[in-house]
2 protein chains.
Amino acid sequence: MSLPHAILTALLERPSSGLELTRRFDRSIGYFWSATHQQIYRELGKLEQRGLIRALPSERPARGQKKEFEVLPAGRAELAEWASREQESKPIRDALLLRLRAAAVVGRTGLDDELRRHLAVHRRQLAEYEAIESRDFAAAADPEDRLRRLVLRAGIGLETFWVAWLEEALAEVGDMGDAEGMGDAGADDTEAGGRPGE
Amino acid sequence: MSLPHAILTALLERPSSGLELTRRFDRSIGYFWSATHQQIYRELGKLEQRGLIRALPSERPARGQKKEFEVLPAGRAELAEWASREQESKPIRDALLLRLRAAAVVGRTGLDDELRRHLAVHRRQLAEYEAIESRDFAAAADPEDRLRRLVLRAGIGLETFWVAWLEEALAEVGDMGDAEGMGDAGADDTEAGGRPGE
DNA sequence: TTCAGCATGTAATCTGTTACATGATTAG
DNA sequence: CTAATCATGTAACAGATTACATGCTGAA
């Protein structure tokens with residue numbers, strides 16, 4: 001149930017049309033909560049029905065015409081309530097880690113190319129975040145900007161971690177030689193977190 | 001499309017029944033790809049239909065009776081193909097970061113309690129990973145275990161990051177005083193990654 | 001006047017979540 | 001024999017993804 005709240009936050013920061021929101025989700029908010037335009041339009045419809053946002057009056061409201069939304073007081077209240085509610089964070093869900101685990105059983109074909117590719121992606125993302133930080137938050141003073149900077153620093157920290165881990169992984173994998181580990185080594189009991197209790 | 005491959009990996013490591021898989025997903029594999037028992041049973045059914053796994057012959061196959069599965073050669077091939085295929089990693093999707101962003105607009109009520117709560121969770125998880133590492137991977141030698149250890153080290157790195165970031169966040173938020181920032185400060189143009197291009 | 005790009009939307013499908021249903025086994 | 005637990009499932013729904021459909025606007 002986070003997408004509607006992501007949209008409310010974005011609309012409070014600036015009233016926007018569906019496509020404008022989509023573009024902003026490709027950049028700022030979307031850095032940690034992505035959404036496609038289909039999701040956004042559907043959710044805008046629901047939020048309007050619930051009376052949390054409204055379309056700004058337009059001369060010609062029609063299909064293909066721009067339609068801007070703003071947050072109503074009920075929407076702000078709903079967002080404030082959600083933001084202060086207890087919520088558990090979801091566990092990690094990362095396909096690359098899963099693939100490494102699979103590679104331990106079916107072989108490491110193409111693994112180092114893939115690690116290198118991901119390393120390049122994370123290095124680029126890290127550089128982007130750092131550019132944003134020095135451009136927009138060189139002297140963050142008010143609480144609002146300090147909170148936004150904190151969020152950005154989470155992105156920087158995460159990308160920094162991935163870069164470091166991928167470098168470690170490449171060194172490890174490069175060190176293993178060409179043996180592919182295709183044999184049925186899966187019969188042993190070793191499993192991260194599992195040896196004694198399986 | 002990762003859940004079937006997570007299951008294939010787990011079954012190659014050890015043939016199991018649905019509930020056994022569920023328990024293993026609560027620990028090792030589930031640390032980075034979680035799944036409920038309903039998802040697992042549904043997926044086991046599909047994998048069996050596709051001829052990628054089969055149920056081990058049992059005396060009395062019936063409802064309520066344990067039913068163990070093993071991976072067929074076609075399943076191993078499918079997993080090997082998937083593991084070597086190019087795949088993009090999904091962007092970050094974290095509700096806590098979203099809530100910080102919302103808090104910048106609607107106020108920080110209850111935020112520091114929530115940060116403290118998350119900090120405790122991540123500290124506990126980090127300790128758990130570290131215990132697993134020293135217990136199961138004190139002397140990892142073969143490539144299979146080195147890959148599994150690498151995956152575990154990703155978990156350790158991520159939790160380490162979160163602990164550090166949450167400590168930083170608590171210091172920042174504690175430093176902001178009791179002003180709640182409820183004013184309509186959202187009308188300014190500042191947005192992480194957005195100032196010039198919005 | 002046609003084409004590219006902007007803008008809004010629908011439909012189908014897949015994945016994940018929550019709630020519930022049912023049978024088998026074992027301890028008291 | 002009853003309750004707890006193990007074990008396998010079904011159903012309904014919510015959320016996310018992919019593909020497609022439609023209308024408007026301005027430039028070549």
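The sequence lines fix the lettering, A, B, ..., with proteins before strands; numbering per chain opens at 1.
The separation between A:Lys67 atom NZ and C:dT8 atom P is 9 Å, rounded to whole Å. One interatomic measurement links the two molecules: CZ of A:Arg24 to C1' of C:dA7, which rounds to 17 Å at whole-angstrom precision. One interatomic measurement links the two molecules: CG of A:Leu19 to C1' of C:dG9, which rounds to 12 Å at whole-angstrom precision. Atom P of nucleotide D:dG15 and atom NZ of B:Lys90 are separated by 17 Å, given to the nearest angstrom. B:Arg23 has its CZ atom 12 Å from the P atom of D:dT5, to the nearest Å. Following rounding to the nearest Å, A:Leu3 (CG) and C:dG16 (C1') show an atom-to-atom distance of 16 Å. Computed from coordinates, the A:Asp26 CG to C:dC6 P distance equals 13 Å when rounded to whole Å. Between B:Met1 atom CE and D:dT18 atom P there is a gap of 12 Å when expressed in whole angstrom units.
We find that B:Arg116 and B:Asp112 are joined by a salt bridge, their nearest charged nitrogen and carboxylate oxygen being less than 4.0 Å apart. A salt bridge is defined here as a Lys NZ or Arg NE, NH1 or NH2 lying under 4.0 Å from an Asp or Glu carboxylate O, and A:Arg24 with A:Glu13 meets this definition. Between A:Arg85 and A:Glu81 a salt bridge is recorded (basic side-chain N to carboxylate O distance below 4.0 Å).
A heavy atom closer than 4.0 Å to some atom of DNA chain D occurs in B:Gln38, B:Tyr41, these being the qualifying members of residues 38-45 of chain B.
Place B:Phe69 and B:Arg93 on DNA chain D by their nearest nucleotides, and B:Phe69 ends up nearer the 5' end. Nearer to the 5' terminus of DNA chain D, by closest-nucleotide assignment, is the contact made by B:His37 (compared with the other of A:His37 and B:His37).
Between A:Phe69 and A:Leu11, the shortest heavy-atom distance links the atoms O-CD2, 3.7 Å. For A:Leu166 against A:His118, the heavy-atom pair with the smallest separation is CD1-C, 3.7 Å.
Counting only residues at least two apart or on different chains, no ring pair (Phe, Tyr, Trp, His ring centres under 6.0 Å) pair has a member in residues 90-111 of chain A.
The shortest distance between the side-chain N/O atoms of B:Ser17 and the OP1/OP2 oxygens of D:dT8 is below 4.0 Å.
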Under 3.5 Å, which donor-acceptor pairs link side chains of residues 43-55 of chain B to any protein atom two or more places apart or in another chain?
{"residue": "B:Arg54", "atom": "NE", "partner": "B:Glu70", "partner atom": "OE2", "Å": "2.6"}
{"residue": "B:Arg54", "atom": "NH2", "partner": "B:Glu70", "partner atom": "OE2", "Å": "2.7"}

